Amino acid sequence: MQQMLAALTDADRLEVYNQLKAEYGIHPMEAHLKLTSDEILSALQKMKEQNGMPWRMLRGSLADLVYGVVVLPGLNGWSDVSFNGDMPYDYLLRSDAGEEVTVQIKLQRSEAGQPLEAKKNLGKDMFVVETQRTRGGKKGEKKTRPYRFGDFDLLAVSMFPSTGRWETYMYTVAKWLLPHPSEEGCLNTFQPVAKTPNADWTDSLEQAIEWLKSGQQKTITISTGPPSQQKLDL
DNA sequence: ATGAGTATAATACAGTCGCA
DNA sequence: TGCGACTGTATTATACTCAT
């Protein structure tokens with residue numbers, strides 16, 4: 001077969017490619033949008049070059065959606081419960097025993113295309129995640145841009161910006177996150193994320209669920225690293 | 001009851017401003 | 001002047017209010 005193809009002219013090879021693609025390769029999304037995959041990808045390329053909101057949004061949505069496709073199917077004893085309506089969490093998981101856990105997915109914060117390193121107020125050798133909604137609204141007098149403690153159980157941070165792999169996430173218990181200094185009951189806008197698993201952050205969803213079920217109360221630590229470097233910057 | 005208009009939700013990074 | 005906090009941005013869908 002390879003020899004057969006190699007014997008064809010370039011024009012014929014393209015013809016074969018196009019015919020086979022028409023026969024087998026139409027993704028439902030291509031049919032739905034009435035665009036070829038190449039046209040869709042070219043449009044996305046343009047979106048990336050504009051580097052505006054739509055591109056950022058797409059990346060954030062990918063971190064969310066890929067989670068349901070790549071991570072959750074491998075989780076034993078829990079199922080991904082679909083729901084409708086606007087919820088402050090992205091996933092609702094239900095165990096075989098009927099326990100429910102909610103998960104909010106966020107993309108690790110980048111700046112100028114590079115993973116953002118925490119400044120000293122968020123700790124040394126930490127990455128950053130932004131725990132506020134993209135746009136703000138108001139419900140009465142209350143701002144709806146920040147998340148509130150209790151909005152979701154676990155925070156999953158997609159580490160794609162630093163690992164280059166969509167299937168890598170770091171988890172912590174939402175109640176352990178830093179509180180906002182002025183907005184009562186809200187999460188701080190920025191949170192430090194450990195680069196490697198520690199007592200606050202884990203790369204295992206099962207571990208995070210255990211932490212949650214343990215009911216342990218604490219706040220994530222700002223500083224990591226060897227004790228010699230744990231001196232507080234006062 | 002229905003249409004118009006408004007508010008708010010979801011998605012992340014960049015720009016600006018105030019303060020030390 | 002550099003850090004950190006805050007706000008602005010594109011887009012679409014839906015829910016709600018208010019007037020006819």
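Quick caveat, the model's predicted, so the values are computed rather than measured. Side chains included, hydrogens not; waters and symmetry mates left out as well; all remaining heavy atoms used. Below, read A as the first sequence line, B as the second, and so on, with proteins coming before strands; counting in each chain starts at 1.
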Check: Tyr147(A) near the nucleic acid: base, sugar-phosphate alone, or nothing, with a heavy-atom cut-off under 4.0 Å?
Finding: sugar-phosphate
Taking [atom1] from [X] and [atom2] from [N], how many angstroms apart are they, rounded to a whole number?
X	N	atom1	atom2	answer
Phe190(A)	dC3(C)	CZ	P	14 Å
Arg145(A)	dA5(C)	CZ	P	15 Å
Tyr89(A)	dA10(B)	OH	P	12 Å
Arg133(A)	dT11(B)	CZ	C1'	12 Å
Met53(A)	dC13(B)	CE	P	10 Å
Glu130(A)	dG8(C)	CD	P	14 Å
Leu107(A)	dA12(B)	CG	P	6 Å
His180(A)	dA5(C)	NE2	C1'	8 Å

Notebook entry, point to check: Is the Trp166(A) ring parallel, tilted or perpendicular to the Phe160(A) ring (thresholds 30°, 60°)?
Noted result: parallel
Notebook entry, point to check: Is Lys195(A) positioned over the aromatic face of Phe127(A), cation under 6.0 angstrom from the ring centre and no more than 45 degrees off axis?
Noted result: yes
Let's see if you can work this out: which of [options] has an atom nearest to the side-chain heavy atoms of [X]?
X	options	value
Pro54(A)	dA12(B), dA10(C), dT11(B)	dA10(C)
Gln132(A)	dT11(B), dT7(C), dA10(B)	dT7(C)
Asp90(A)	dC6(C), dA10(B), dC13(B)	dA10(B)

Check: Phosphate oxygens OP1/OP2 of dT11(B): is one of them under 4.0 Å from a side-chain N or O of Arg56(A)?
Finding: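 No.
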Margin query: Regarding Thr189(A) and Glu130(A), do their side chains bring together a donor and an acceptor under 3.5 Å, going by distance alone?
Written below: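 Note: Thr189(A) and Glu130(A) side chains miss the donor-acceptor criterion.
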Notebook entry, point to check: In terms of side-chain heavy atoms, does Tyr147(A) have a donor or acceptor partner in Lys106(A) at a distance below 3.5 Å?
Noted result: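 Side chains of Tyr147(A) and Lys106(A): pair found under 3.5 Å.
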Notebook entry, point to check: Going from CG on Leu155(A) to OH on Tyr89(A), what distance comes out if it is rounded to the nearest 0.5 angstrom?
Noted result: 16.0 Å
Check: Within the modelled atom types, does a donor on one side and an acceptor on the other bring the side chain of Arg109(A) and the base of dG4(C) under 3.5 Å apart?
Finding: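 For Arg109(A), whose side chain was compared with the base of dG4(C), there is no donor-acceptor pair (under 3.5 Å).
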